There are 2 protein chains.
Amino acid sequence: MIRDEKAPPLVLENFIPYRLNKAAEAVSQRFARLYREQYGLTRPEWRTLATLGQFGTATATVIGTHSSMHKTKVSRAVLALEKRRWLRRKRDGSDRRIENLELTSAGRKAYAELAKVAHQFETELLAHLGKRGESGLIAGLAALERLHDSR
Amino acid sequence: MIRDEKAPPLVLENFIPYRLNKAAEAVSQRFARLYREQYGLTRPEWRTLATLGQFGTATATVIGTHSSMHKTKVSRAVLALEKRRWLRRKRDGSDRRIENLELTSAGRKAYAELAKVAHQFETELLAHLGKRGESGLIAGLAALERLHDSR
DNA sequence: AATAGATCGTCACAATTGCAACTAGTACCC
DNA sequence: GGGTACTAGTTGCAATTGTGACGATCTATT
């Protein structure tokens with residue numbers, strides 16, 4: 001048995017949190033180009049659009065919870081999408097603190113296009129991973145989600 | 001066969017890039033607490049320390065490449081670690097643009113402690129994922145890395 | 001119905017980051 | 001060997017992000 005006394009205590013490129021972060025970053029960047037270059041959206045704006053497209057109507061707080069964004073990020077993204085006339089604010093009948101947000105028809109159109117782009121990106125991504133990579137990644141993510149949800 | 005015509009075009013919480021990002025973020029945040037609360041390090045500082053601990057000596061450029069950080073981030077992290085007297089700059093004999101960076105003994109001590117913390121964190125993380133989650137995650141990350149390295 | 005405490009969204013401010021320009025130095029190459 | 005192009009690292013500035021406080025509103029308690 002050979003023992004290497006100079007082995008570094010930690011090898012960054014093998015360290016799971018680092019690898020996970022780097023992989024996520026790379027995927028995000030690649031995907032972001034699709035909505036940034038074509039539509040000029042930022043990531044918070046994209047997430048807001050996606051949430052609203054999915055829900056039909058939502059408050060800023062709901063958007064933040066659903067898309068894991070801080071409320072100030074949501075606030076700014078909503079403002080930007082409103083300026084672009086992709087969403088509208090409607091006051092709530094029973095609670096005047098709340099804004100019920102919904103996409104305009106232009107917003108729904110953009111959402112439909114971007115949802116298609118997103119699906120295609122995901123499909124291609126998974127295809128490139130191969131069968132084993134795909135099922136592995138999905139199982140790994142599910143395990144991480146279970147871990148974090150239980151805290 | 002029932003068909004739901006109102007199914008949203010995209011469900012964010014099932015979208016792989018989003019899930020990957022969220023999982024990575026959560027793991028990072030949890031790990032960051034260990035070096036932030038105990039040592040007052042930022043993430044760029046931690047990565048710089050880790051790289052330098054691993055390599056013994058490295059230039060700022062090498063640190064950036066190895067730890068996937070922009071050179072300005074490295075520059076600022078190096079300055080911070082230098083002020084803390086955890087690293088030293090040495091001029092290169094043959095190229096005076098280069099700074100050969102190395103940890104001081106205080107830096108090496110901190111690195112040794114943090115490397116241990118890191119390993120422990122990783123071990124516990126993987127243990128919590130279960131056998132299937134662990135091997136899946138590793139296979140998935142490997143597949144993503146192959147994909148990105150080949151671009 | 002008055003008060004206390006929570007929630008919703010926004011804003012001002014500070015910290016962090018990224019970009020582009022810069023200085024200093026090296027390499028090429030005619 | 002003088003010009004040109006490249007590389008290493010830093011800095012100033014702008015954009016992005018996070019924090020804390022705020023006004024407005026709602027809920028619960030008494």
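All chains are named by letter (A, B, ...) in the order of the sequence lines, taking the proteins before the strands, and each is independently numbered beginning at 1. Just so you know, these numbers come straight off a predicted model, no measurement behind them.
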Exercise for the section: Examine B:W46 and B:V62 and state if one hydrophobic cluster contains both, with Ile, Leu, Val, Met, Phe, Trp and Tyr joined whenever side-chain heavy atoms are less than 4.5 Å apart. Expected result: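 Per the 4.5 Å side-chain linkage, B:W46 and B:V62 are not co-clustered.
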Exercise for the section: Check whether A:I138 and A:L20 end up in the same hydrophobic cluster, where Ile, Leu, Val, Met, Phe, Trp and Tyr are linked by side-chain heavy atoms less than 4.5 Å apart. Expected result: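 The answer is yes; both residues are in one hydrophobic cluster.
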Gap between atoms [atom1] and [atom2], on [X] and [N] respectively (whole Å):
{"X": "B:M69", "N": "D:dG9", "atom1": "CE", "atom2": "C1'", "result": "14 Å"}
{"X": "A:E25", "N": "C:dG18", "atom1": "CD", "atom2": "C1'", "result": "13 Å"}
{"X": "B:L41", "N": "C:dT16", "atom1": "CG", "atom2": "C1'", "result": "16 Å"}
{"X": "B:R36", "N": "C:dA15", "atom1": "CZ", "atom2": "P", "result": "16 Å"}
{"X": "A:N100", "N": "C:dC8", "atom1": "CG", "atom2": "C1'", "result": "12 Å"}
{"X": "A:R47", "N": "D:dT17", "atom1": "CZ", "atom2": "P", "result": "11 Å"}
{"X": "B:I63", "N": "D:dT10", "atom1": "CD1", "atom2": "P", "result": "10 Å"}
{"X": "B:L79", "N": "D:dT10", "atom1": "CG", "atom2": "C1'", "result": "10 Å"}

Shortest side-chain distance from [X], nucleotide among [options]:
{"X": "A:R97", "options": "C:dA12, D:dT25, C:dA21", "result": "D:dT25"}
{"X": "A:T61", "options": "C:dC13, C:dC8, D:dT11", "result": "C:dC8"}
{"X": "A:K71", "options": "C:dT17, C:dG9, D:dT10", "result": "C:dG9"}
{"X": "A:R96", "options": "D:dT25, C:dC19, D:dT17", "result": "D:dT25"}

Practice task
Tell me which of A:T42 and B:I98 sits closer to the 5' end of DNA chain D, going by the nucleotide each one is nearest to.
Solution key: B:I98
Handout entry: Contact nearer the 5' end of DNA chain D, comparing A:D95 with A:T72
Key =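 This one resolves to A:T72.
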Practice task
Just say parallel, tilted or perpendicular for the rings of B:W86 and B:Y39, cut-offs at 30° and 60°.
Solution key: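 Taking B:Y39 first and then B:W86, their aromatic rings stand perpendicular (interplane angle over 60°).
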Practice task
Under 4.0 Å between any heavy atoms, over every strand shown, what does B:T59 touch: base, sugar-phosphate, or nothing? Just pick one.
Solution key: sugar-phosphate
Practice task
Could you check whether A:R89 gets within reach of a base, just the sugar-phosphate, or nothing at all, counting any heavy atom under 4.0 Å?
Solution key: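 Counting heavy atoms under 4.0 Å across all strands, the contact made by A:R89 is with sugar-phosphate only.
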Exercise for the section: Measure the shortest side-chain to side-chain distance between A:H148 and B:R30 over non-hydrogen atoms and say whether it is less than 4.5 angstrom. Expected result: yes
Problem - Phosphate OP1/OP2 of D:dT10: any B:S75 side-chain N/O under 4.0 Å - result: yes
Exercise for the section: Determine whether any donor atom in the side chain of B:R76 lies under 3.5 Å from an acceptor atom in the base of D:dG9, or the reverse, and answer yes or no. Expected result: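 Check fails, no donor-acceptor contact within cut-off.
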Problem - side-chain contact (heavy atoms from CB on, under 4.5 Å) partner of A:L87, the single match among A:E82, A:R108, A:E102 - result: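 With A:L87 as partner, A:E82, A:R108, A:E102 yield a single side-chain contact (heavy atoms from CB on, under 4.5 Å), made by A:E82.
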